[in-house]
Amino acid sequence: VWLSDNTHIFDGRSTLDFLKQNRFGNPSQQISWVGSRCSVRLSMATNLTHARIAIGTANGCIIIVDANTGNQVAAYKISNEDDPIWDIGWSSEGESIAAVTDQGRLLIFNIESGDYFIASQNNGPLYTVDWAESRTLITYGGRVTENSINLTTLSDVEIANLIEAGLALQ
C-alpha cells in the first residue's frame, strides 16, 4: 500500500522507495502470537490518513500496523482457520474495518473494542469490499454460484440497524 508521502510502498514486512527503487526492511516490533497463528497475508488497506495499515490473512486474522514504523500495534483473530480474509476496507473515521471472507461473510470490526459482527452471510465466497469515504456506504461482492456474481451495497442506515440489532459475536 502507498504511504502518505506518495513515494513509498509498504508490503507488510518491508518498504519500497518507489523513486529510488530500493527496498529496506523495518526493524519492527511484532506481536508474539501473530507469527504462529496468522499465516499468509492476503489483503492490505490503509486508513484515510495512511497512518495505519490493516492486513487480512489466510488464517482469519486482522493485523494493524503503524505505517511509519512497521510495528504491529494490534492483532485480532476474527474468523476460522479455513476462512481466509480476502479483502478489507477502513471506515472513514478509522475506527472500524469491513472484511470479507471465503465462507461468504461480511464482517464489521471495531478496532477500539475488538468486537465484530456478521453484517451479511452469503452463499459463496466474497472477494472485495470497500467502505465509502463518506462512511455512508459499504459495497462488497463475490461469487454466488459458478456462473453468477453478487455485488451489494449497504447504506449507513442498514449498517446502523445491523449494529443496533446486537449481532456482536463474543
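Considering Asn47, Ile108, Ile62 as possible partners of Ile97, the one that fulfils the side-chain contact (heavy atoms from CB on, under 4.5 Å) test is Ile62. Of the candidates Thr57, Ile55, Ile85, Thr57 is the only one forming a side-chain contact (heavy atoms from CB on, under 4.5 Å) with Cys38.
Residues that satisfy the salt bridge (charged side-chain N to carboxylate O under 4.0 Å, His left out) test with Asp87, not counting sequence neighbours, are absent from this structure. For Trp86, the side chain to side chain donor-acceptor pair (under 3.5 Å) partners two or more places apart in sequence, or in a different chain, are Asp102.
Looking only at side-chain heavy atoms (C-beta outward), Trp131 and Trp90 stay at 4.5 Å or farther from each other. No side-chain heavy atom of Leu107 sits under 4.5 Å from any side-chain heavy atom of Phe117. In this structure, Thr139 and Val129 have side chains that are not in contact, with every pair of non-hydrogen atoms separated by 4.5 Å or more. Using a 4.5 Å heavy-atom cutoff, the side chains of Asp66 and Arg52 are in contact. The shortest side-chain heavy-atom distance between Asn150 and Asn122 falls under the 4.5 Å cut-off. The side-chain heavy atoms of Thr128 and Val100, taken from C-beta on, include no pair separated by under 4.5 Å. In this structure, the side chains of Arg105 and Leu126 stay at 4.5 Å or more apart for every pair of heavy atoms. Contact annotation: the side chain of Tyr140 approaches that of Ser120 to within less than 4.5 Å [non-hydrogen atoms, C-beta and beyond].
Annotation for Ile88 and Gly56: closest pair CD1-N, 3.6 Å, computed over non-hydrogen atoms. Ala132 and Ser92 make their closest contact through O-CB, 4.5 Å (heavy atoms, listed as atom of the first residue, atom of the second, distance). In terms of heavy atoms, Leu42 sits closest to Pro84 at CD1-CB, 3.5 Å. When all heavy atoms of Ser155 and Leu137 are compared, the pair lying nearest together is CA-CD2, 3.9 Å. What you find for Cys61 and Lys77 is that their closest heavy atoms are SG-CD, 3.5 Å.
Residues Tyr116 and Val73 are members of one and the same hydrophobic cluster, defined by side-chain heavy-atom contacts under 4.5 angstrom among Ile, Leu, Val, Met, Phe, Trp and Tyr.
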Next item on the list: May I have the step-by-step check of side chain to side chain contact (heavy atoms under 4.5 Å, CB included) for Phe109 and Asp115, ending in yes or no?
Entry: CA-CA 6 Å; Phe109 175 73; Asp115 292 335; over 6 Å; no
Item checked: Derivation of the side chain to side chain donor-acceptor pair (under 3.5 Å) call for Gln103 and Thr101 -> CA-CA 5 Å; Gln103 292 181 3; Thr101 74; 5.9 Å; no
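No more than 12 heavy-atom neighbours from other residues, nucleotides or ligands sit within 6.0 angstrom of CD1 on Ile149.
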